[in-house]
**Student:** 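This is the structure I want to talk about, given as structure tokens.
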Protein chains: 2
Amino acid sequence: MTKSTEIVRVLAEELANVPPGTRVASEADVGQRFGVGRAAARAALGELERRMLVSRIQGGGTFTRRRVDYLVAPGRAPSWSRTVREAGATPRTVVLACDEVPLPPSVAHELGTQAGEPAFRLVRRSFIDGMPAAWGVEWLTVALVPELPAALRHEESLDAILRDVARVRPERAWTRASMESAPDDASAGLGCRPGDPAWLIASLARDGADGPPVLSTERWVRADAVRVIVELGAHETAQHETAAHGVTAARGATPAGPVSSRPT
Amino acid sequence: MTKSTEIVRVLAEELANVPPGTRVASEADVGQRFGVGRAAARAALGELERRMLVSRIQGGGTFTRRRVDYLVAPGRAPSWSRTVREAGATPRTVVLACDEVPLPPSVAHELGTQAGEPAFRLVRRSFIDGMPAAWGVEWLTVALVPELPAALRHEESLDAILRDVARVRPERAWTRASMESAPDDASAGLGCRPGDPAWLIASLARDGADGPPVLSTERWVRADAVRVIVELGAHETAQHETAAHGVTAARGATPAGPVSSRPT
DNA sequence: CAGTGGTCTAGACCACGGG
DNA sequence: CCGTGGTCTAGACCACTGG
């Protein structure tokens, strides 16, 4: 057992029952406490960051972090605000760009309309408890919500605007999620470093169960901010708990600690 | 621009068009080539590993790595062998344990049968090109395939056994995928270090589109070995390309390359 | 055995954040 | 300004892999 893994073990245990945002001991403190040099202390804190248990901010310090569960499933409304709020955190979304441009062919095909039709190209960044967590582009036709720019000044949630102004009921028609190393543009939008793990979630929403497409999105989501869970197909007990098949017991929303039975 | 990020940039560029399994310069070589100390060279190679572009093996060296695309979607057969083979790589699966035990209540509920019914609890490890990539537990009733232990001696693919011996046609009934930091038991099964990024994929397969459940699985998959893509809902162009909505240009799936030369 | 990556020390300079 | 994390050097020992 190396020194740093022992430090990781101890700190991870201590941090398990601490509210998110709590300050963690600095590198110097850890080094002194465990009687190791700065390199070993730094390695331990870096490992905690890699495990997404803490965030480290240059000049600021190290802080515990919470990961919000984001359940992507058929029938779940594709709404950032609602999902984050349901997790007990505070969502926020800011508009970086809202341009009226002719619809590119690929997106027009998604939306089932003509290329060149006037559309809004929306670039937005979303936060959880004030920390950047998502970023990306959303497309919708001008015809659907001509007053979008004005509406966005009073309401952050695109889902709410679509419901209240455009009078549609957005539902997931198609979604694709994958985990990538954030490229330069995405890491800039997410406020993280290039190469950090991030989700790429492309999605198409339609109006109701069988209505026409209304919204096409491609968003990057920080893996250390959001625990994306994709669910596919109907399931009797598909509410919010993890099925325990003998390997992993149910995990609470807040990491209560993975319980496992050893196979082999 | 720090020295190590510059080294990362250069090496990532050079490694982009190199077949998987190729040996990469050692820490000492990199340090000498770029005129930096070992720490900087090591940081650069470590960053490449974090980006899942290379694998580093103590005592062995650093090697380029390929990531296999694993598409999870309704209608796709839940078969490791087939998926890996379709990606042009060589699958292999070994049985770690095949015990006949009474079905636990939670799994019995999944399989739509009685708790306590005789069942096989299968623990298997799967490889891609000889490198461990997946590990986990699978459950199926003894009544379905009484001759499972014998069949597994001649056929690695559980999907094939279910088709040829049990005469069922496995289809995805329900699947849940999420990205986690591998706990100790999973990292041991996957041959990686605890805390490494890994997928947890729970799945229930049934016989045909409307048949009864036949197989319940919970498997861990190494994120650096497999690029899991979960797709939800029907889509006209849902074949295998990435939709480009103006943020992200279509990024090549995996650096197309022939079969890897194994490291070791 | 030599070469490789994994860990660690002691020390240094820098960039950044907050009082 | 001080304390924080980010980077880097030079050097050391260890664990592991390979021939």
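First the proteins, then the strands, lettered A, B, ... as listed; each starts at 1.
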**Student:** So if I take every side-chain heavy atom of B:V36 and compare against D:dT9, C:dT4, D:dG5, which nucleotide ends up nearest?
**Tutor:** D:dT9

**Student:** Take atom CE of A:M1 and atom C1' of D:dA15, then tell me their distance rounded to the nearest Å.
**Tutor:** 16 Å

**Student:** Between A:G59 and A:A43, which is nearer to the 5' end of DNA chain C once each is assigned its nearest nucleotide?
**Tutor:** A:A43

**Student:** Distance check needed: D:dG6 C1' versus A:E49 CD, whole Å only.
**Tutor:**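 Going from A:E49 (CD) to D:dG6 (C1'), I get 11 Å.
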
**Student:** If the cut-off is 4.0 Å, is A:T62 near the phosphate of D:dG5, judged by side-chain N/O to OP1 or OP2?
**Tutor:** yes

**Student:** Check every atom of D:dC16, D:dG6, D:dT4 against the side chain of B:Q58 and return the nucleotide holding the closest atom.
**Tutor:** D:dC16

**Student:** Looking at B:S26, I'd like to know whether one of its side-chain N or O atoms comes within less than 4.0 Å of OP1 or OP2 on C:dT4.
**Tutor:**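 Checking C:dT4 against B:S26, a side-chain N or O does come within under 4.0 Å of OP1 or OP2.
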
**Student:** Is there a side-chain contact between A:D224 and A:D196 in this structure, where contact means two heavy atoms from C-beta onward sitting under 4.5 Å apart?
**Tutor:**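 Of all side-chain heavy-atom pairs linking A:D196 with A:D224, none is under 4.5 Å.
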
**Student:** Nearest-Å distance, CG (B:L45) to C1' (C:dT7)?
**Tutor:** 16 Å

**Student:** Is there a side-chain contact between A:R56 and the phosphate of D:dG6, meaning an N or O under 4.0 Å from OP1 or OP2?
**Tutor:** yes

**Student:** I want to check one thing: is the phosphate of C:dC8, taken as OP1 and OP2, less than 4.0 Å away from some side-chain N or O of A:S4?
**Tutor:**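 Indeed, a polar side-chain atom of A:S4 lies that close.
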
**Student:** Whole angstroms only, please: what is the CZ-C1' distance between B:F63 and D:dG18?
**Tutor:** 10 Å

**Student:** Can you tell me how far P of C:dC8 sits from CD of A:E47, to the nearest Å?
**Tutor:**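 Rounded to whole Å, this separation is 12 Å.
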
**Student:** Does the D:dG6 base have a donor-acceptor partner in the side chain of A:R38 within less than 3.5 Å?
**Tutor:**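 Present.
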
**Student:** Can we say B:R85 and B:E156 salt-bridge, meaning some charged N sits less than 4.0 Å from an Asp/Glu carboxylate O?
**Tutor:**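 Result for this pair is no, no salt bridge flagged.
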
**Student:** Looking at every strand, decide which applies to A:I57 at a 4.0 Å heavy-atom threshold: base, sugar-phosphate, or nothing.
**Tutor:**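 Result for A:I57 = sugar-phosphate.
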
**Student:** Rounded to the nearest Å, what distance is computed from the CZ atom of residue A:F34 to the P atom of nucleotide C:dC8?
**Tutor:**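 Computing the A:F34:CZ to C:dC8:P distance gives 13 Å.
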
**Student:** Rounded to the nearest Å, what distance is computed from the CZ atom of residue A:R23 to the C1' atom of nucleotide C:dG19?
**Tutor:**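 Going from CZ in A:R23 over to C1' in C:dG19 covers 12 Å.
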
**Student:** Would you indicate whether the side-chain heavy atoms of B:V36 and B:R42 approach each other to under 4.5 Å?
**Tutor:** no

**Student:** Classify A:A40 by what it touches in the nucleic acid, base, sugar-phosphate, or nothing, heavy-atom distance under 4.0 Å.
**Tutor:**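 Sugar-phosphate, no base atom in range.
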
**Student:** Any side-chain donor-acceptor pair under 3.5 Å between A:R65 and A:S55?
**Tutor:**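 Yes, because at least one side-chain N or O of A:R65 sits under 3.5 Å from a partner of the opposite role on A:S55.
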
**Student:** How long is the line joining CD of B:E27 and C1' of D:dC14, in whole Å?
**Tutor:**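 Those two atoms, CD and C1', are 14 Å apart.
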
**Student:** Name the nucleic acid region contacted by A:G37, choosing base, sugar-phosphate or nothing; use a 4.0 angstrom heavy-atom cut-off, strictly under.
**Tutor:** sugar-phosphate

**Student:** For residues B:V84 and B:Y70, determine if any side-chain heavy atom of one lies less than 4.5 Å from a side-chain heavy atom of the other.
**Tutor:** no

